[in-house]
Structure formats: structure tokens, C-alpha cells
Amino acid sequence: MTTLLTGISVGLGALVVLLLALLVVRWRSDTRTDERVAEVVRSLNGRMDELGRELAGALERAEEEGRRSRIFGELAGSIDLDEVLSRALEAAGALEGADAALVMLPDVQGGKPLVATLGLSVEEAERHAITGPPDGRLARSISMSYTYPELGRQPEDGDEEIVHAGLAVPLPGETQTLGYLTVFTRSKGHDFTDDDVRMLETLALGAGPAIENARRFREARQLADLDALTGLHNRRFFHETLARECARAHRYERKLALIVFDLDDFKDINDRIGHLAGDAALAEAAERVRDVVRTADIACRVGGDEFGVILPESSLEDADQLYRRILSAVSSRPLGAAGKIYLSAGVAELRPEDDPVSLFQRADDALYRAKEAGKGRVVAANAPRLGPA
């Protein structure tokens with residue numbers, strides 16, 4: 001690019017020198033050469049205009065290449081998946097005519113796909129996510145156009161919020177396609193061109209490896225945060241999350257509740273049926289806990305047969321109700337060779353003077369009070385026993 005700019009500059013300089021020489025010649029010539037000189041001057045003016053346009057185009061391409069290089073550098077320099085996706089979407093959204101961008105990554109285990117978007121609502125993102133051709137083949141690009149019969153007319157320029165067209169290209173991974181990078185326009189009549197396809201492909205080529213690396217790191221981190229036996233979050237994750245949620249609740253003056261519970265007489269159960277059968281019962285109990293906690297709740301194995309559930313935006317009453325759902329799920333039917341097992345729990349709600357340690361300690365102390373009171377029941381921290389389920 002630097003060589004091109006230098007060549008254009010030299011060409012412009014040479015043309016200026018030639019123009020000056022012709023002007024000198026004209027001063028020394030008779031009138032019969034005026035028309036020839038004027039024609040040459042017009043030609044030179046046209047050539048200078050052309051070179052000027054080439055120079056402007058070269059500068060624009062240089063700026064675009066610099067921006068693309070900067071984006072690729074930022075993508076490669078991060079292993080945070082949210083950040084990588086955000087930068088890729090911003091770069092795609094900068095494509096001429098693009099009003100929104102979307103990345104859809106199917107889950108390799110068949111779970112819920114990961115969808116990240118810029119400029120689309122959650123509902124729009126779910127409707128417009130691209131999974132590829134119906135026959136499963138890999139397309140170089142996919143172009144979409146939208147009509148809206150429910151309007152009773154074709155979309156007009158005033159319908160700014162309507163998506164009129166889209167363009168998707170695959171995100172290449174190391175061994176397989178990760179998903180699709182898609183841009184959308186809300187401008188009626190805008191068509192994405194072959195140049196747009198090439199630019200989006202170039203972006204996808206740089207973003208794909210960065211997204212794959214960041215996704216692997218997230219998956220590895222998630223595995224490191226899970227308890228191998230129960231599949232719930234582990235003790236380290238529990239205390240890190242409790243600290244973060246306590247700080248957030250204090251900062252924004254929000255509610256936060258905590259449940260700490262364990263399986264009654266689990267040591268005796270292990271002694272009776274053996275540790276392997278006991279581990280199976282523990283894993284089954286954790287699965288039942290997962291089935292009844294809310295999406296926002298964070299269920300963890302704190303250690304042994306002790307569990308903790310962090311309840312953001314929740315009160316002491318919410319914690320008591322969740323404990324009763326957990327008790328019903330775990331104790332309503334036998335847990336394999338262990339038979340029916342009951343739970344005891346302590347619940348606590350965050351107070352202004354609490355830090356993560358004191359909140360956990362209050363809930364844990366309440367758990368031991370529940371044990372002393374007869375097991376199979378819940379006790380609120382610094383309060384009378386709430387009673388059995």
C-alpha cells in the first residue's frame with residue numbers, strides 16, 4: 001500500500017512538471033499550436049483527476065486495512081468469549097448498509113446454541129439465527145430478503161425497525177464450521193454485494209479461530225468450576241460467586257438469600273451401603289436439586305454431602321420456599337440403595353453489615369441448629385426454627 005501511494009504521488013509530480021513545460025512552450029509558440037496545447041492540458045487535467053481519485057481510493061483502502069488489522073489483533077489478543085464475540089459483531093456491523101449483526105454457535109453436545117447479537121432484540125435474534133442450508137451442506141454465503149404480508153403492503157422506508165435483508169457467511173473452525181456470522185439491513189432496497197461477501201468472509205476468517213479459542217477456554221473454565229461427582233458448581237466457584245453477588249447486592253441495594261443444606265445421617269448411609277452406592281445417591285440428589293432450582297439460582301456442592309444455593313434478588317421467604325421444593329424433590333422417592341433421604345437446611349438473607357463470610361457463617365450455623373432441632377427441617381439465621389416441610 002505504501003508503494004502504491006508513493007507511485008501515485010510521483011505520477012502527480014511528473015504531471016505537474018509536464019504541464020509547466022507545456023505552458024512554457026505555449027508562450028513561445030504561435031497561435032496554431034494553441035488548440036493542441038489546450039487538448040493536452042485537458043488530457044492532463046483528466047489524468048490528474050483520475051490520479052486524485054486513485055489516491056483517495058488508496059487512502060480509503062489503507063484505512064480499511066488498518067482498521068481490519070487492528071480488529072484482528074484485538075480478536076487474537078483476547079480469550080474472553082464475550083469480548084471476542086462483541087468485537088466481531090462490531091466489525092461486522094461496520095459493513096456498509098449493515099444495521100445489525102448476529103453470531104450463532106450451535107452446541108456440540110446438542111444443547112442450546114450460543115447466540116450473540118448487536119442491534120437485534122432477543123426475539124429478533126432467535127427468529128433470524130442462521131443454521132445453514134436445509135440439506136446440511138456448507139454454503140459460501142447465504143442471502144436473505146424479507147417481506148411482511150401481515151402489513152398488507154410491502155415495507156416502506158418509514159419502517160426503520162423492519163429487517164429487509166441479511167447476509168450470512170460461515171465461521172471456520174480448526175476442524176469444522178463453528179456457526180454463521182450474519183449481518184442485517186433495515187434499509188429497503190439495500191442489496192449486499194459480492195464485495196460485501198468477500199469483506200464478511202475476511203472478517204469471519206479472522207474471527208473464527210479467535211472465537212474457537214475463547215470458547216475452548218470458557219468450556220475448560222466451566223469444567224474447572226464443576227464438581228466431578230454431582231455436576232453442580234464446586235466449592236471454589238461457590239465462594240467466588242457468593243462474594244460477587246454480595247458486592248452487587250450491597251452496591252445496588254438488592255436482596256440476596258442463601259440456603260445451606262445437607263443430607264441427614266449421610267455418614268450412616270455410607271457405612272450401610274458403601275461409598276460407591278453413597279456417591280450414586282449423592283449424584284442423584286444433586287440431579288433432583290438441579291431440576292427444581294430457578295434459572296437465576298446458583299446451586300453448588302460445598303463439600304461432602306453439604307450443598308449451597310445462592311438466590312439473587314430473593315428474600316428469606318423465597319429461600320424457605322425453594323428449600324421446601326428441594327426437600328420434596330429429593331425425599332419424595334428413594335435414592336437408589338440409600339432409600340429415602342431427608343434434608344436439613346439453614347437459610348439467611350443478606351444484611352447491610354454482612355460480607356460473604358458472615359452471610360455463609362450465619363446460614364451454616366442455622367443448618368446446625370436445624371440438625372440439633374431434629375433434622376428434616378429448615379432454620380432461618382438468627383430466627384426461630386421455621387419448621388419441617
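This chain uses plain numbering: 1 for the first residue, then up along the sequence. Below, all heavy atoms of this structure are taken into account, side chains as well, without hydrogens, waters or symmetry copies.
Atoms NZ and OG, on K371 and S344 in that order, are 4.0 Å from each other to the nearest 0.5 Å. Interatomic distance, E313 CD to R254 CZ, rounded to the nearest 0.5 Å: 4.0 Å. One finds the CD atom of Q321 at 7.5 Å from the OG atom of S315 (value rounded to the nearest 0.5 Å). Separating the CG atom in L102 from the OG1 atom in T117 is a distance of 5.0 Å, to the nearest 0.5 Å. Taking CD1 from I259 and CG from L343, the interatomic distance works out to 10.5 Å, rounded to the nearest 0.5 Å. Summarising the geometry, atom CZ belonging to R186 is positioned 11.0 Å from atom OH belonging to Y146; distances are rounded to the nearest 0.5 Å.
Put simply, M104 and L120 are part of the same group of oily side chains (I, L, V, M, F, W, Y) that touch within less than 4.5 Å, one to the next. Cluster membership for V183 and V84, using ILVMFWY side-chain heavy atoms within less than 4.5 angstrom, is shared. A single hydrophobic cluster is seen to contain both I326 and L335, as judged by linkage of ILVMFWY side chains at heavy-atom distances under 4.5 Å, directly or through other members. Put simply, L367 and I269 are part of two different groups of oily side chains (I, L, V, M, F, W, Y) that touch within less than 4.5 Å, one to the next. Residues L232 and V302 do not share a hydrophobic cluster, defined by chaining ILVMFWY side chains whose heavy atoms lie under 4.5 Å apart.
Summarising the local packing, CZ of R198 is surrounded by more than 12 heavy atoms from other residues, nucleotides or ligands at distances under 6.0 Å. The neighbour count for L276 CG, taken as heavy atoms of other residues, nucleotides or ligands under 6.0 Å away, does not exceed 12. Heavy atoms from other residues, nucleotides or ligands lying under 6.0 Å from CD of E240 number more than 12. Remark: Y342 OH is loosely packed, at most 12 non-hydrogen atoms of other residues, nucleotides or ligands lying under 6.0 Å away.
Taking the side chain as every heavy atom from C-beta outward, F238 and L258 approach each other to under 4.5 Å. Using a 4.5 Å heavy-atom cutoff, the side chains of L359 and D355 are not in contact. C246 places a side-chain heavy atom less than 4.5 Å from the side chain of L256. Inter-residue side-chain proximity for L81 and L114 is flagged as met; some heavy-atom pair is nearer than 4.5 Å. The shortest distance between side-chain heavy atoms of D262 and F266 does not fall below 4.5 Å. Contact annotation: the side chain of R362 approaches that of R351 to within less than 4.5 Å [non-hydrogen atoms, C-beta and beyond]. For the pair P170/E201, no side-chain contact is recorded, criterion being any heavy-atom separation below 4.5 Å from C-beta on. In this structure the side chain of F307 never reaches within 4.5 angstrom of the side chain of V260, judged on heavy atoms.
The pair D225-R221 meets the salt-bridge criterion, since a charged nitrogen lies less than 4.0 angstrom from a carboxylate oxygen. The pair D291-R288 fails the salt-bridge criterion, with no side-chain N (NZ, NE, NH1 or NH2) lying under 4.0 Å from an Asp/Glu carboxylate O. A salt bridge does not link E245 with K255: every distance from a Lys NZ or Arg NE/NH1/NH2 to an Asp or Glu carboxylate oxygen is 4.0 Å or more. Checked for salt-bridge contact, R369 and E372 miss the test: no charged N lies under 4.0 Å from a carboxylate O. With respect to the salt-bridge test (charged N to carboxylate O, under 4.0 angstrom), the residues R216 and E174 qualify. R218 and D82 are joined by a salt bridge, as a carboxylate oxygen and a charged side-chain nitrogen come within less than 4.0 angstrom of each other.
The two residues L167 and S141 make their nearest non-hydrogen contact at CD1-CB, 4.2 Å. For the pair R294 and S314, the tightest heavy-atom approach, listed with the atom from each and the gap, is NH2-OG, 2.6 Å. Nearest heavy-atom pair across D80 and A214 is C-CB, 4.1 Å. Shortest non-hydrogen contact noted between T230 and A286 is CB-CB, 3.5 Å. Closest of all the heavy-atom pairs between A88 and A207 is CB-CB, 4.1 Å. Residues A299 and V289 approach most closely at CB-CG1, 4.3 Å, considering heavy atoms.
Taking the six-membered ring where tryptophan is involved, the planes of H233 and F237 are essentially parallel, since the angle between them stays under 30° and well short of 60°.
Under the 3.5 Å distance criterion, the side-chain polar atoms of R290 are left unmatched by any main-chain donor or acceptor of V293. In terms of modelled atom types and a separation under 3.5 Å, the side chain of D364 and the main chain of Q361 share no donor-acceptor contact.
A centroid separation of 6.0 Å or more is found between the aromatic rings of F184 and H164.
Among the candidates D305, V347, V309, V378, the single residue satisfying the side-chain contact (heavy atoms from CB on, under 4.5 Å) test with F261 is V309.
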Review point. Should D320 and R324 be marked as a salt bridge (charged side-chain N to carboxylate O under 4.0 Å, His left out) after you check the CA-CA gap, both sets of side-chain angles, and the distance that decides it?
Key: CA-CA 6 Å; D320 178 54; R324 295 175 188 277; 3.1 Å; yes
